[in-house]
There are 2 protein chains.
Amino acid sequence: MRKIPESTVRRLALYLRYLEESSAGGQVTISSAELARRGGTTSAQVRKDLSFFGSFGKRGLGYPVAALTGRLREILGLKSPHRVILIGAGKVGAALMHYPGFAERGFSVAAIYDRDPRKIGSRWNGLLIRDVRHLERDLRREPTDIAIVVIPATAAQQVAERLVSAGVKAILNFAPVQLVLPDSVAVRNVNMALELETLSYDLTVR
Amino acid sequence: MRKIPESTVRRLALYLRYLEESSAGGQVTISSAELARRGGTTSAQVRKDLSFFGSFGKRGLGYPVAALTGRLREILGLKSPHRVILIGAGKVGAALMHYPGFAERGFSVAAIYDRDPRKIGSRWNGLLIRDVRHLERDLRREPTDIAIVVIPATAAQQVAERLVSAGVKAILNFAPVQLVLPDSVAVRNVNMALELETLSYDLTVR
DNA sequence: GGATGTGAATGTCTTCACAGCT
DNA sequence: AGCTGTGAAGACATTCACATCC
């Protein structure tokens, strides 16, 4: 069960969403073909993805919705909620703070940091915006695995390094730079301008 | 020059960013090794990526910054600005509206739509929030290639279909669903909760 | 000497196709 | 009969390594 393709992990998260919907609809069993249709892939791909972790289905029948849901939540590490900290109290940070999708999936923002004295001390949803200078001190008291970085590109690398040496193990990076960090740290980038640029490319070739 | 890997196109957009920085710093020539360092990849990868589109470098020297910048902007279709429309005037929509990265890369929001009567008619940055019911009428008057969809999952598929039949050719989708659309339409998904879930997975296996 | 450009080799992911359960 | 589970084949992407040129 070593070395699962990243693309597989992403699809598992999609399958999980559809399983939860199906479960709400009272469905007991689901086929790889149905999961595939909703996940934008093929039934063979679904079976292969799941087979990395064992065999959950019954031949001739499909997969039991409830059991598979539980197993996927377990595989993805979503059985217990995750605390995350948010670095950067700008517009995008604000949107993320209030984004219902995070809470729904068990991620709760435990602290917000900024370096702007005008923001520090104010509150969002009752949550204090703290001085980023206190990052290390706070993380020593309350270790946190996941940080969301929503600050300008110029500051991102430096802050990321501080996060890592303070014990953060995973970073969701919205700054449009490639962070250079040890391989032991998981980094995922969200670069919205870059997505638009790839769409622009597609428009020129199609 | 057919069938370029998507991963290559994404890296080209990254290279472009670093080229522009280097150019601002007065650098005249840049090696594949330097581009690689900043793009988080290898020099061989950089050369391979660029070689899909021709040979721009001088052996022993590297790539001319100015010429390569221009060529990449051309390849990515960024020589002229792009109008985009924004569907959904919620918190994330607001953040995108004010996101400086879009304007910097030549993307300007030309119209915003929502279906909430309380929002319709108000203005963001002087830009009117329009009734999504007028989408087709407006697109007939002002055809637009790119739409950014920032609405709840339940409404996304239906609106996406309307966009496509009104002539939209590329969609940046923030709704956490897999849109099912003709292959002729370019779709890119940004799913922030899903990114957190893949990080959660990484935490459980490392 | 130094860095590109590129076929060939390797590695990774997806699709096929069918044996094996239920 | 229906649908999973999975080796094998195929497609795709990355890395190697070296001839080529400035």
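These numbers come from a predicted model, not from an experiment. Below, read A as the first sequence line, B as the second, and so on, with proteins coming before strands; counting in each chain starts at 1.
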(message) Rounded to whole Å, how long is the line connecting atom CG of A:L68 with atom P of D:dT4?
(response) 11 Å
(message) If the threshold is 4.0 Å, N to carboxylate O, is there a salt bridge linking A:R71 and A:E74?
(response) yes
(request) Would you mind reading off the distance between B:R37 atom CZ and C:dA3 atom P, rounded to a whole angstrom? (result) 12 Å
(message) Side-chain N or O of A:Y63 versus OP1/OP2 of D:dG5: is the shortest distance under 4.0 Å?
(response) yes
(message) For a salt bridge (Lys or Arg N to Asp or Glu O under 4.0 Å) check, start with the C-alpha distance between B:E104 and B:R17, then their side-chain angles and the critical distance, and finish with the verdict.
(response) CA-CA 11 Å; B:E104 276 165 22; B:R17 193 161 266 112; 5.9 Å; no
(request) Nearest-nucleotide wise, let me know which of A:L61 and B:L61 is further upstream toward the 5' end of DNA chain C. (result) B:L61
(request) In whole angstrom, give the distance that lies between atom CG of A:L35 and atom C1' of D:dT4. (result) 13 Å
(request) Measure across B:L78 and B:F107 and return the closest heavy-atom pair with its distance rounded to 0.1 Å. (result) CD2-CZ, 3.9 Å
(request) Take the protein atom CZ of B:F53 and the nucleotide atom P of C:dT4, then report the distance between them rounded to whole Å. (result) 18 Å
(request) Kindly give the heavy-atom pair with the smallest separation between B:I148 and B:V84, and that separation in Å. (result) CD1-CG2, 4.2 Å
(message) Would you say B:E195 and B:N191 are linked by a side-chain donor-acceptor pair, where the criterion is simply a distance under 3.5 Å?
(response) no
(request) Please work out which residues in residues 16-34 of chain A have a non-hydrogen atom less than 4.0 Å from an atom of DNA chain D and list them by number. (result) A:S31, A:S32
(message) Without decimals, in angstroms, what is the distance between A:L50 CG and D:dG5 P?
(response) 8 Å
(message) From NZ of B:K58 over to C1' of C:dA3, roughly how many Å is that when rounded to an integer?
(response) 13 Å
(message) If I take atom CZ in residue B:F52 and atom C1' in nucleotide D:dA13, what distance separates them, rounded to the nearest angstrom?
(response) 8 Å
(request) State, to 0.1 Å, how close A:T29 and A:G62 come at their nearest heavy-atom pair, and which atoms those are. (result) OG1-C, 4.0 Å
(message) Can a side-chain donor-acceptor contact be found between B:R188 and A:T198 if the only test is distance below 3.5 angstrom?
(response) yes
(message) Applying a 4.0 Å non-hydrogen cut-off, can you work out what B:S43 is touching in the nucleic acid: base, sugar-phosphate, or nothing?
(response) nothing
(message) At 4.0 Å (heavy atoms only), tell me whether B:T41 reaches a base, stays on the sugar-phosphate, or touches nothing.
(response) nothing
(request) Specify the closest pair of heavy atoms between B:S32 and B:R47, including all atoms of both residues, with the distance to one decimal. (result) OG-NH1, 3.3 Å
(request) Report the relative orientation of the aromatic rings in A:Y201 and B:F53; use parallel for angles under 30°, tilted for 30 to 60°, perpendicular for over 60°. (result) perpendicular
(message) Does the protein touch nucleotides 6-11 of chain C at the base, only the backbone, or not at all? Give it as B, S and - per nucleotide, heavy atoms under 4.0 Å.
(response) BBB---
(request) Find the distance B:Q45:CD to C:dT4:P and express it as a whole number of Å. (result) 14 Å
